Protein chains: 2
Amino acid sequence: MVQFVHPPRDEITLAGVLAALADPMRLRIVKSLAAQNDCMSCTEAAPCPDMAKSTLSNHFRILREAGLIRTSKQGVQHRNVLREEDINVRFPKLLKMILSYPE
Amino acid sequence: MVQFVHPPRDEITLAGVLAALADPMRLRIVKSLAAQNDCMSCTEAAPCPDMAKSTLSNHFRILREAGLIRTSKQGVQHRNVLREEDINVRFPKLLKMILSYPE
DNA sequence: TTCAATAGTTCACTAGTATCGAACTATCGA
DNA sequence: TCGATAGTTCGATACTAGTGAACTATTGAA
């Protein structure tokens, strides 16, 4: 049984968040989740279709451990949701700001 | 003769900036430069006194290549200044926002 | 209940990056 | 010219990212 690691809100660090968002693929994943404003499976939120499953899984793990997303099992899928509220409390406006830039 | 690499403004990437700021030591360097609002030598802006010179030099190189600082020679020292204007044009409010968080 | 399909994770490997001490370069002042 | 100062470069080691292959868990159909 897979156990997901989610840091509590007050253990989310700026360095962790920035490092997680510093990868273009992960930024695209987060943008997808923010646009959807709902849960998405890993493959739904995949930044490009030809990415190796293991790489994708690793990106989701990094986002999860940085505190940016929350993952739960739902049948055969993992449902991912942006921890927008937690990030906003910890680092107000940061997420909105970063997601607002093009590229 | 050492030649410094500074990306032009429009080649500064979000991923590069975030990656550069994702390191606590580099974040402290940038905070020092922002607080000083003036040039600082590498040792003046060092985040902690016991850091190896080569490591410090590497951090400045990364900040430089990300477009966050501009370095020029002045005698025996290298004078570093935050490229606040450039970053603000490229990613408005990002720098101010990130530097405003404690930690 | 058995078995194939689907969705992710874990493992082992390779390649790239961070840290450090040591050696090097450039500048200044005596 | 020589020593001190400020950084950079180099070589070694340790850690991290990306990948395919193997694995786990759930579902749905025969």
Side-chain angles (χ1 to χ4, degrees), chain A residues 1-7 13 15-30 32-33 36 38-81, chain B residues 1-6 13 15-30 32-33 36 38-66 68-81:
Chain A
M1 178 58 187
V2 186
Q3 218 32 38
F4 296 122
V5 178
H6 294 106
T13 67
V17 169
L18 294 182
L21 295 178
D23 182 281
M25 290 303 146
R26 288 196 292 269
L27 192 57
R28 286 170 64 176
I29 293 173
V30 169
S32 294
L33 290 171
Q36 188 75 5
D38 192 14
C39 287
M40 292 178 89
S41 71
C42 295
T43 38
E44 277 172 350
C48 52
D50 56 337
M51 174 171 279
K53 282 197 301 178
S54 48
T55 304
L56 189 59
S57 178
N58 190 45
H59 283 316
F60 276 96
R61 183 184 58 77
I62 290 171
L63 289 172
R64 198 157 50 225
E65 294 180 359
L68 276 163
I69 64 173
R70 191 177 294 283
T71 307
S72 55
K73 288 204 71 159
Q74 192 174 64
V76 75
Q77 295 183 333
H78 291 185
R79 307 303 294 175
N80 301 284
V81 64
Chain B
M1 178 57 186
V2 186
Q3 216 34 36
F4 296 122
V5 178
H6 295 105
T13 67
V17 169
L18 294 182
L21 294 177
D23 182 281
M25 291 303 146
R26 289 196 291 270
L27 192 56
R28 286 171 66 176
I29 292 173
V30 170
S32 294
L33 290 170
Q36 189 75 7
D38 193 15
C39 287
M40 293 178 89
S41 72
C42 295
T43 39
E44 276 172 349
C48 53
D50 56 338
M51 175 171 279
K53 280 197 303 177
S54 48
T55 304
L56 189 59
S57 177
N58 190 44
H59 283 316
F60 275 96
R61 182 183 58 78
I62 290 171
L63 289 172
R64 198 157 50 226
E65 294 180 359
L68 276 161
I69 64 172
R70 191 176 296 282
T71 308
S72 55
K73 289 204 72 159
Q74 192 173 64
V76 75
Q77 295 183 333
H78 291 186
R79 309 301 294 173
N80 301 283
V81 65

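Labels below follow one simple rule: chain letters A, B, ... track the order of the sequence lines, proteins then strands, and each chain is numbered from 1. It should be emphasised that the depicted structure is a prediction, and the values quoted were computed from it without experimental measurement.
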inquiry  = Between A/Val76 and A/Arg64, which residue's closest nucleotide on DNA chain C lies nearer the 5′ terminus?
reply    =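 With A/Arg64 and A/Val76 compared, the 5'-side residue is A/Val76.
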How many Å lie between [atom1] on [X] and [atom2] on [N], as a whole number?
X: B/Glu44; N: D/dG7; atom1: CD; atom2: C1'; value: 14 Å
X: B/Gln77; N: D/dA6; atom1: CD; atom2: C1'; value: 7 Å
X: B/Lys73; N: D/dA6; atom1: NZ; atom2: P; value: 13 Å
X: B/Ile62; N: C/dG16; atom1: CD1; atom2: P; value: 16 Å
X: A/Leu63; N: C/dG8; atom1: CG; atom2: P; value: 14 Å
X: B/Arg61; N: D/dC10; atom1: CZ; atom2: P; value: 12 Å
X: A/Ile29; N: D/dG18; atom1: CD1; atom2: P; value: 10 Å
X: B/Phe60; N: C/dT19; atom1: CZ; atom2: C1'; value: 16 Å

With the side chain counted from C-beta on, respond yes when [X] and [Y] share a heavy-atom pair under 4.5 Å apart, and no when they do not.
X: B/Ile29; Y: B/Leu56; value: yes
X: B/Lys53; Y: B/Thr43; value: no
X: A/Val81; Y: A/Gln36; value: no

ask   = Backbone N or O of B/Gln74 within a donor-acceptor pair of the B/Arg79 side chain at under 3.5 Å?
value =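 Pair absent, no side-chain N/O of B/Arg79 close to backbone of B/Gln74.
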ask   = Any donor and acceptor pair, going by atom type alone, linking the side chain of B/Asn80 with main-chain N or O of B/Met40 inside 3.5 Å?
value =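 Looks like yes, one N/O pair under 3.5 Å.
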Counting only side-chain nitrogens and oxygens, does [X] get under 4.0 Å of the OP1 or OP2 atom of [N]?
X: A/Thr43; N: C/dT6; value: no
X: B/His59; N: C/dA18; value: no
X: A/His78; N: D/dA25; value: no

query = For the atom pair NE2 (B/His59) and CE (B/Met51), what is the distance rounded to the nearest 0.5 Å?
reply =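 Rounded to the nearest 0.5 Å, the NE2-CE separation comes to 4.0 Å.
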message = Between A/Gln74 and A/Asp23, which residue's closest nucleotide on DNA chain D lies nearer the 5′ terminus?
response =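 Comparing both residues, the 5'-ward one is A/Asp23.
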ask   = Using a heavy-atom distance cut-off of less than 4.0 Å, which residues of residues 45-58 of chain B contact DNA chain C?
value =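 By residue number: B/Ala52, B/Ser54, B/Thr55, B/Asn58.
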inquiry  = Taking the ring of B/His78 and the ring of B/Phe4, is the distance between their centroids below 6.0 Å?
reply    =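 Ring centres of B/His78 and B/Phe4 closer than 6.0 Å.
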